[in-house]
Amino acid sequence: MLNPAAPLPLKDPSLFRQACLVGGRWIEAESGRTMPVRNPATGEVIGSVPAFGRAETRAAIEAASAAYPAWRAMLAKERSAILRRLYELMLANADDLALIMTSEQGKPLAEAKGEVAYAASFVEWFAEEGKRAYGDMIPQNQKGRRILVMKEPVGVFAAITPWNFPAAMITRKVAPGLAVGCTGVVRPASQTPFTALAIGVLAERAGLPPGVMNIITGPSAETGAELTENPMVRKLSFTGSTEVGKVLLEQCARTVKRVSMELGGNAPFIVFDDADLDAAVAGAMASKFRNTGQTCVCANRILVQDGIFEAFATKLAEAAAAMKVGPGVEPGVTQGPLINADAVAKVEEHIGDALARGARVVTGGKRHPRGGNFFEPTVLADVPREAKIFSEETFGPVAPLFRFRTEEEAIRLANDTPFGLAAYFYTRDVGRMFRVAEALEYGIVGVNEGIISTEVAPFGGFKESGLGREGSKYGLDEYLEVKYVAVGGIGT
Ligand SMILES: NC(=O)C1=CN([C@@H]2O[C@H](COP(=O)(O)OP(=O)(O)OC[C@H]3O[C@@H](n4cnc5c(N)ncnc54)[C@H](OP(=O)(O)O)[C@@H]3O)[C@@H](O)[C@H]2O)C=CC1
Ligand SMILES: O=C(O)[C@H](O)CS(=O)(=O)O
C-alpha cells in the first residue's frame, strides 16, 4: 500500500471515496487489489481505488439491471426531481469537486470550477429534457387501425470516460440516460476516478435509488471486456481516443449494442486576412490552451493566411508566453501540468519532428523549469504540411502555425484528415462564413468563436471522430429506442 499524501483539505471529506459504488454499497475489489492515483503536478499518491475485475464488473451490471424496472417505471417528473437535486448539490459542493478534480487531473482550480458548472449543466438540462421524450401518433394508413410511435429507454448502459474532463464526461453520458429511465455502470479513467466517485456520493444524497448509477474502477482491459461483452448492457457511451474507440466498437458488435463514440480530433483553426486579429488571437488562446491543450476540440493546426501571418504569430506568442505555468492550486496559474510523462514525451516528439522539418520556435519549445509534467506554452511557425503535428492530435500546449494563400487551400488543408470533430475560423466576410462553414467536414464549427461547448448544442464528430451526439435535445435519442405500435380492430 503506497502512503498517500496528506488528505485533501475538503470542506466535506466524505466526498472523497476510495471505494466503488455498486447497488448502493461502497465496496472494495474481492481480491483486495487497489490502484494508486497520483497528482500530475507533484507525482504524489493522493489515494487509491479498487481494482475490479470481470466478476465485480458483472456484479455492477447486475445491480443496474435489478434497479432498471423500478427506475423506468417512475414518472419522468419524479426522475427529473432527483436529477434537479443532484444539479443543486453539485453546485453547492463545487469547491470540493474542483479541488478533487485539480488534485487528480491537474487543471487550474478556476478551470476545474468551470468544469463543475459545465458538468452540472448537463444534469440540469436533461432533468428537463427527460420530460419531453415525445412519441408520435401517425395518421393511419387504413380504416380501423391506429399507428403509434413510442419512445422507450434503451435499458442498462455503460459509460467509459477519459481523464481530461473528469466531471463533464460523466454527466454528459449519465444525465440523459437516467432522465429517460435507463440505469448504468460508469467506469471513469484510472487517472481521475475520485471526481466521478464524489458525484456518486452526491447522487445518493439527491435520492438516486441504489443500483441506478454504479461507479466502478479497475484495469480497463478487464472492466472494458465485461462492459462491452455482457448482453445485459444494451448501450455503450465512450469518450476517448479513436484507437480505443475502434476496439470498443468491435467488442460491442458481438452483442449489437447501441453505441455513442466521442473520439479523437485534429481541429483546424483558420485565420483569414480579413479577421479581427485580436479576436482571432484570443480565440486561438482559448481553444488551444484550454486544459493545457488536453481537449479533443483544442485547435490542433492553426492555418493563417499569408497577409497576417507574422502579425498573428507575434501576438499569439506574446499571449502564450504570458501564461503562468504551475500546480493548479497555485493562485494565478493558467496552465497546469500534462497528465503524465507519456503526454510530455508526445509533445516533445511533435515539436522535435516539426523543427527537424524546418519549423521555427516563436516561443516555448521545451519542458518548463518546474520540471515533471510541466511544459512551456509553445508557438511554432512555418510548420510544413508533412510534419507529424499536422496529422496527429498533440493533446498538449503547442500551437503550430501553417501558412495558406487562398480560401480553397485553407478548406483543403482543414479537411485533409480522417478526423472531423471541431473546426474554427475567423473572418468578417458573411459570404465566407457560410461558404467555409458548409465546406468544413466537421461536426462542430466555431465562427469567430474559440470555445463553443455547451449543454444546449449537439456535440459530436464526423468521420473517425465518432458516432452520435451528446448534449442538446439530440443527446436524449442516444438512450431511447423507437417502438412502432399498430393497433387494429378499432372499427372506424
Ligand atoms: N472526443 C472526445 O471528446 C475526446 C477524445 N479524447 C481522445 O483520447 C486521447 C487521450 O485521452 P485518453 O483518456 O488517454 O484516451 P484513451 O482512449 O486511452 O482512454 C479513454 C478511456 O478509455 C479507457 N480504455 C483504454 N483502453 C481501453 C480498453 N481496451 N477497454 C476499455 N477501456 C479502455 C481508459 O481507461 P484507463 O483509465 O485505463 O486509461 C479511459 O478510461 C486523445 O486522442 C484525445 O483526443 C480524449 C477525451 C475526449
Ligand atoms: O473530452 C473533451 O475534450 C470534451 O469533450 C471537450 S468539451 O466538451 O469539454 O469541450
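We count ligands from 1, going down the list as the structure has it; atoms in each ligand are counted the same way.
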Is the shortest N/O to N/O distance between [X] and ligand 1 below 3.5 Å?
| X | value |
| --- | --- |
| N164 | no |
| E262 | yes |
| R187 | yes |

Exercise. If you draw the axis of the six-membered ring of F157, does the NZ or CZ of K257 fall within 45° of it and under 6.0 Å from the ring centre?
Worked result: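 Because its charged atom misses either the 6.0 Å distance or the 45° angle limit, K257 does not stack over F157.
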Cationic N near anionic O, under 4.0 Å, [X] to [Y]:
| X | Y | answer |
| --- | --- | --- |
| R84 | E88 | yes |
| R38 | E44 | no |
| E470 | K173 | yes |
| R187 | E226 | no |

Exercise. Does even one non-hydrogen atom of F165 get within less than 4.0 Å of ligand 1?
Worked result: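 No, F165 has no heavy atom closer than 4.0 Å to ligand 1.
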For this session: Please verify whether a non-hydrogen atom of Q294 lies at under 4.0 Å from ligand 1.
Result: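 The answer is no, since Q294 has no heavy atom less than 4.0 Å from ligand 1.
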Ligand-residue contact atoms, ligand 1 with [X], heavy atoms, under 4.0 Å:
| X | result |
| --- | --- |
| L421 | 1 (N) |
| P162 | 13 (O), 47 (C) |
| G224 | 31 (C) |
| I160 | 22 (O), 23 (C), 32 (N) |
| Q191 | 37 (O) |
| G264 | 45 (O) |
| S190 | 36 (P), 37 (O), 38 (O) |
| L248 | 30 (N), 31 (C) |

Problem set entry | All pairs passing ring-ring contact (aromatic ring centres under 6.0 Å, His included) where residues 91-122 contributes a residue, at least two apart | Y118-F122
If you have a sec, work out which protein heavy atom is nearest [atom] and how many Å separate them, to one decimal?
| atom | answer |
| --- | --- |
| atom 12 (P) of ligand 1 | W163 NE1, 3.3 Å |
| atom 40 (C) of ligand 1 | T161 O, 3.5 Å |
| atom 29 (N) of ligand 1 | V247 CG1, 4.4 Å |
| atom 15 (O) of ligand 1 | S241 N, 3.5 Å |
| atom 3 (O) of ligand 1 | C296 SG, 2.8 Å |
| atom 10 (C) of ligand 1 | F395 CE2, 3.7 Å |
| atom 1 (N) of ligand 1 | L263 O, 2.1 Å |
| atom 48 (C) of ligand 1 | T239 CG2, 3.1 Å |

Exercise. Do side-chain atoms of N266 reach the backbone of F419 as a donor and acceptor pair under 3.5 angstrom?
Worked result: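 No; zero donor-acceptor contacts below 3.5 Å.
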Exercise. Within the side chain of S241, is there an N or O that forms a donor-acceptor pair under 3.5 Å with the backbone of V244?
Worked result: yes
Exercise. For atom 32 (N) of ligand 1, which candidate among P219, C298, S220, G218 holds the nearest heavy atom?
Worked result: S220
For this session: Using heavy-atom distances, let me know which of M169, E393, E392, M35 sits nearest atom 42 (C) of ligand 1.
Result: E393
Exercise. Can you name the residues that come within less than 4.0 Å of ligand 2, going by heavy atoms only?
Worked result: Y118, N164, F165, M169, R172, R290, T295, C296, V297, S453, F459
For this session: Return a yes/no value: protein heavy atom under 4.0 Å from atom 36 (P) of ligand 1?
Result: yes
For this session: Taking atom types as modelled, find out whether E464 and T242 have a side-chain donor-acceptor pair closer than 3.5 angstrom.
Result: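 Distance-only check fails for E464 and T242.
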Problem set entry | V244 contact mode with ligand 1 (heavy-atom cut-off under 4.0 Å) | side chain
For this session: Identify which one of I351, T378, V347 satisfies the side chain to side chain contact (heavy atoms under 4.5 Å, CB included) criterion when paired with T394.
Result: V347
For this session: Among Y426, F312, F404, find the residue that satisfies the ring-ring contact (aromatic ring centres under 6.0 Å, His included) test when tested with F272.
Result: F404
